[in-house]
Amino acid sequence: MSRVIVDVMPKPEILDPQGKAVTGALKRLGFDGLAVRQGKRFEVEIDGEITDERLAQVREAAEKLLANTVIETFDVRVEQ
Amino acid sequence: MTRVGVVTFPGSLDDHDAQRAVRLAGAEPVPLWHASDSLDGVDAVILPGGFSYGDYLRCGAIARFSPVMGEVINAANAGMPVLGICNGFQVLCEAHLLPGALIRNDVRTFVCRDQRLRVETRDTVWTCDFNTADEITIVLKNGEGGYVADPETIKRLEGENQVVFRYLDGNPNGSVNDIAGITNDRGNVVGLMPHPEHNMEELTAPSTDGRKFFSSLQRYLRALVG
């Protein structure tokens, strides 16, 4: 079994209320100077070998479902 | 009699209120199941409020790929009237029938209130019974109602008269340009965060401004036949 990671993040220009809330909580806890943006991580288990076709398939899945590219960016990588 | 389909997804909440509103407006509500690939010959479709598929992944993201949505997308592109209310608006954006997206309210809380709105255009299937610049009150209740889109899209929506409703008396959720609802370029698909189906009767609402959404549809469909 091989694993591919898809990271999804809100675009920089899109407001991230969750990240803002976490940033505020960290500050209240004394963790100064930390700004957080919150995204999502998908761990995709793949049957068989990771090939270029498989990676292209995961990218297509990310584009179609895992991310909304109107407001989010995504990154696909093989877990080492 | 006009037949209006109301889609029920797993997690829809306001499908029955939407059906009731259709009935109060003198049309026949037709329940449509998300897993069906038939629209049962309806004249129009309403995507109701709620939390389809538990709002998993993103609001509306999974509902958008349900079998019935394939039919709704084809019908909408062919001109059928479609109204998306709250979660239905989110589904329409995920389905790219409307541009942009809805994100979590900037205030980070669920907002529930009687919301003042201005009708910005009567040039849609669902607002032709209003007058432009009418001020109305409709229930607003959501956690993810912040409308966003890239600057070019906003410019196009504003320039092409596709902003249908705007929030008055304060922006409840951080929506760009106080946008509460928009339409596509043909004016047959409308999405908004407030819930007109809850503003049908004096007993349960401070206004009955929701009625005109449904009378607008009737008026449009009568004009088609006539």
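Numbers restart at 1 for each chain; the letters A, B, ... are given by sequence-line order, proteins then strands.
- Here B:Gln90 contributes atom CD and A:Asn68 contributes atom CG; the two are 11.5 Å apart, rounded to the nearest 0.5 Å.
- With a 4.5 Å cut-off on side-chain heavy atoms, A:Leu15 and B:Ile103 count as touching.
- Contact between B:Arg58 and A:Leu66 at its shortest, heavy atoms only, is NH1-O, 3.0 Å.
- Atom CZ of A:Phe31 sits in a sparse spot, with 12 or fewer heavy atoms from other residues, nucleotides or ligands closer than 6.0 Å.
- The two atoms that bring B:Arg104 and A:Pro17 nearest to each other are O-CG, 3.5 Å, heavy atoms only.
- In this structure, the portion of A:Lys40 lying under 4.5 Å from any heavy atom of chain B is its side chain and not its backbone.
- Residue B:Asp150 does not touch chain A at all, counting heavy-atom pairs closer than 4.5 Å.
- By the neighbour-count criterion of 12 heavy atoms within 6.0 Å, atom CG of B:Asn177 is densely surrounded, having more than that number from other residues, nucleotides or ligands.
- In the displayed structure, A:Lys11 atom NZ is contacted under 6.0 Å by more than 12 heavy atoms of other residues, nucleotides or ligands.
- Proximity to chain B is limited to the side chain of A:Glu72, based on heavy atoms less than 4.5 angstrom apart.
- For CD of A:Glu45, the number of neighbouring non-hydrogen atoms (other residues, nucleotides, ligands) closer than 6.0 Å is greater than 12.
- Contact annotation for A:Leu65: both backbone and side-chain heavy atoms come within less than 4.5 Å of a heavy atom of chain B.
- Enclosure of atom OH in B:Tyr56 is not indicated, since only 12 or fewer non-hydrogen atoms of other residues, nucleotides or ligands lie within 6.0 angstrom.
- The environment of CD in A:Gln38 is crowded: more than 12 heavy-atom neighbours from other residues, nucleotides or ligands sit within 6.0 Å.
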